[in-house]
Amino acid sequence: MSDRQKTVLLHGGLLALLLGLQFVLPAYHHGNLARIMVLAVYAMGYNIMFGYTGLLSLGHALFFAAGMYGMGMSVQLLGATPAPAMIGGLIAGAVVAAALGALALRTADVAFMIVTLMFAQAGYLAVLYFGSVTRGDEGFVIQQAQRMMMGIDLSDATNRYFAAFILFALCLIAVLWLVQSPFGKVLVAIRENEERARMLGYDVFRHKLIAVILSGTMSAAAGAAYGLLFGYVGATFASVQYSIFPLLWVLLGGAGTALGPFIGTLFMFYLIDLSSNVTSAYMLIAGVALVVLTLFAPQGLIGEVRSRIWRWLP
Amino acid sequence: MEIGPYILLASLEGAVTAAVLALTAVGLSLVFGVMRVVNVAHGEFFMLGAVLAWWVAQSVGGHPAVGFAAALVIAPLLVAAIAVVADMTVLKRIEYDPERTIVATIGILYIIQQVTLMTYGPDARPVEPPFNTRLAIPWFEFVDGKFQMYWPWGLSTTSYKLSVIAAAGVVLVGVWLMMARTKIGLLMRATQLDRETALAFGIPVERIYAIVFGMGAGLAALAAVLIVPIQQAHYLMGGDPLLLSFIVVIIGGLGSLPGTVLAAILIGLSDGIISVFFSPTLAKILATLLVALVLVFRPQGLFGVKTR
């Protein structure tokens with residue numbers, strides 16, 4: 001079997017499994033999995049920048065929130081239906097990502113991390129500042145009537161699961177395609193050795209900027225879908241914590257792997273879900289996980305699998 | 001009250017902010033300068049200092065001054081010890097790689113914050129100031145062609161606030177003397193200048209790193225002990241000092257101590273004055289954008305000199 005066939009089989013198998021699980025899972029886990037798939041899209045978007053291009057951003061909540069508020073504002077202020085609202089979210093994400101990329105990519109390494117962190121913080125504060133429109137911390141609910149898409153009620157659990165699944169499948173396929181394309185290979189080359197990529201004649205800045213826009217748009221898609229499917233838009237999703245989460249998920253699952261973000265999100269979601277039954281200080285788990293991962297498993301779960309067993313994993 | 005007394009009052013409050021901010025930011029700047037790593041958990045060391053100050057003051061009892069004096073000594077030392085342990089168990093093992101250090105210190109941030117939440121709880125608790133005399137400040141008015149002195153209502157400060165400013169000044173001078181005049185300061189500067197050469201000359205670089213990291217955290221904790229009689233100790237109080245220290249360190253030029261102090265005074269004072277006229281959220285938005293743009297267009301800081 002060629003590597004390509006193995007890749008198709010493995011990822012196709014996962015998608016088939018997720019589609020099948022829909023019919024057997026109890027309601028609670030059914031809802032969780034829908035949430036995890038949307039959040040995994042966020043992590044996959046993050047992974048395009050962090051895992052494949054080697055750009056560590058600490059401000060991805062800005063894109064997630066841009067998508068969420070782009071969608072939410074279209075519904076709230078313009079009375080848009082879900083499909084155009086979703087597109088509004090994507091456009092908001094792409095524009096914000098292009099603007100941030102054009103500025104932040106002038107810096108590198110630690111400065112890049114701080115610049116992204118600061119822009120995201122400014123975005124979060126802006127959401128609070130324009131509280132009369134965004135409703136700030138309190139947020140707003142997207143009513144069931146506003147979540148009807150072409151006669152399909154997105155607040156219904158089964159429809160919601162399918163919508164999350166379709167988004168997840170599309171993004172997974174897009175990522176797989178991207179990383180196998182010549183463009184994706186250049187991104188990896190930039191991650192491995194930026195100087196050499198530049199010497200070979202690639203326009204590094206342009207490649208990075210496109211990576212930021214793709215990453216930001218995918219994160220925005222996750223944000224818009226999250227708001228739409230679960231019916232709530234709030235400032236929490238723009239806070240630092242939501243910039244740290246995708247980093248954590250990708251690190252745990254394995255940076256620079258197509259499956260890593262989903263696996264990482266799945267594990268961390270249930271870890272935090274279980275621990276929040278025991279204590280209100282559930283972010284402790286996230287902290288310990290971050291330290292332990294940096295110390296002992298910088299490659300993450302799928303990264304370890306790739307370096308030990310399946311060398312062909314994309 | 002006319003506008004003049006308002007501004008005086010705001011600058012007095014701003015001076016207290018600036019003093020505490022200078023201490024915190026110098027700690028962050030020291031760590032960045034010597035170790036070339038960004039410590040995202042710095043704000044949590046600040047918070048830990050305040051919480052430990054409450055704990056020490058509360059368990060010592062007696063006159064407030066006794067508890068406060070004990071806290072002033074014990075809390076920074078304890079926090080420094082915790083930071084040294086974090087440095088030796090985590091940062092040393094990832095070899096101070098800049099990016100991995102940021103991720104690891106984010107982890108440490110959540111660990112410290114959440115352990116505090118589990119043990120100390122979600123309440124904000126005060127520490128009694130050792131002394132707290134209200135000092136009214138006179139204001140001059142120009143009435144009918146001659147000066148008149150009067151005491152506007154509300155224009156006052158406390159002896160404690162003034163002593164916070166003085167104490168911060170003394171500590172900063174102490175840090176500067178240590179860096180400029182002592183053996184350990186010399187070793188730190190040598191490490192900052194060139195780690196490899198310092199190592200080749202037999203300087204125990206890893207021990208210097210541990211000391212610097214401990215000192216940075218200790219300074220943040222000290223700042224927190226000084227401010228805790230004015231603010232209260234709370235497990236989420238580390239966010240603002242972290243953000244402001246970042247702003248100060250970046251605007252002052254990464255790793256430059258005089259620049260850091262200057263920027264702290266500037267930011268502290270303007271924060272006090274700006275929040276009289278604008279909403280604090282807007283002030284924060286402008287400040288964060290300023291930091292990002294300074295890093296993008298003038299990475300050496302507003303007062304920094306371009307190196308390399």
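To find a chain, count down the sequence lines: A is the first, B the second, and so on, and within it residues start at 1. Keep in mind the model is a prediction, meaning the values are calculated, not measured.
Annotation: A:Y232, atom OH; neighbour count of heavy atoms from other residues, nucleotides and ligands within 6.0 Å is above 12. Around atom CZ of B:R207, no more than 12 heavy atoms belonging to other residues, nucleotides or ligands sit under 6.0 Å away. Around atom CZ of B:R125, more than 12 heavy atoms belonging to other residues, nucleotides or ligands sit under 6.0 Å away.
Counting heavy atoms from C-beta outward, A:T294 and B:D97 have side chains that stay 4.5 Å or more apart. Using a 4.5 Å cut-off on side-chain heavy atoms (C-beta onward), B:Y110 and A:V288 make no contact. By the 4.5 Å heavy-atom criterion applied to side chains, A:M118 and B:L293 are not counted as neighbours.
From B:R100, atom CZ reaches atom CG of A:L56 across 12.0 Å, with rounding to the nearest 0.5 Å. Separating the CG atom in A:L290 from the CD1 atom in B:I108 is a distance of 10.0 Å, to the nearest 0.5 Å. Within the model, atoms CG of B:L289 and CG of A:L125 stand 9.0 Å from one another, a figure rounded to the nearest 0.5 Å.
What you find for B:Q114 and A:L284 is that their closest heavy atoms are CG-N, 3.3 Å. The two residues B:I111 and A:G287 have their closest heavy-atom pair at CG1-C, 3.7 Å. Residue B:T288 comes nearest to A:Q121 through the heavy atom pair CG2-CG, 3.9 Å, listed as atom of the first residue, atom of the second, then distance.
The most heavy-atom pairs under 4.5 Å with chain A, out of B:L243, B:I102, B:V37, B:I94, come from B:I102. Across B:V90, B:L282, B:V38, B:L117, the residue that shares the most heavy-atom pairs under 4.5 angstrom with chain A is B:L282. Counting heavy-atom pairs under 4.5 Å between each of A:M283, A:Q241, A:R106 and chain B puts A:M283 at the top.
B:I106 pairs in a side-chain contact (heavy atoms from CB on, under 4.5 Å) with only one of the listed residues (A:V291, A:L248, A:I244), which is A:I244.
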Can you list the steps and then say if B:F297 with A:L103 is a side-chain contact (heavy atoms from CB on, under 4.5 Å)?
-> CA-CA 9 Å; B:F297 295 106; A:L103 283 173; 3.7 Å; yes
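For A:F130, no part sits under 4.5 Å from any heavy atom of chain B, backbone or side chain. There is no contact between A:L293 and chain B, counting heavy-atom distances below 4.5 Å. At a 4.5 Å heavy-atom cutoff, B:T116 makes no contact with chain A through either its backbone or its side chain. Contacts between B:V103 and chain A at a heavy-atom distance below 4.5 Å involve backbone atoms as well as side-chain atoms. With a 4.5 angstrom heavy-atom cutoff, B:I285 touches chain A via backbone and side-chain atoms both.
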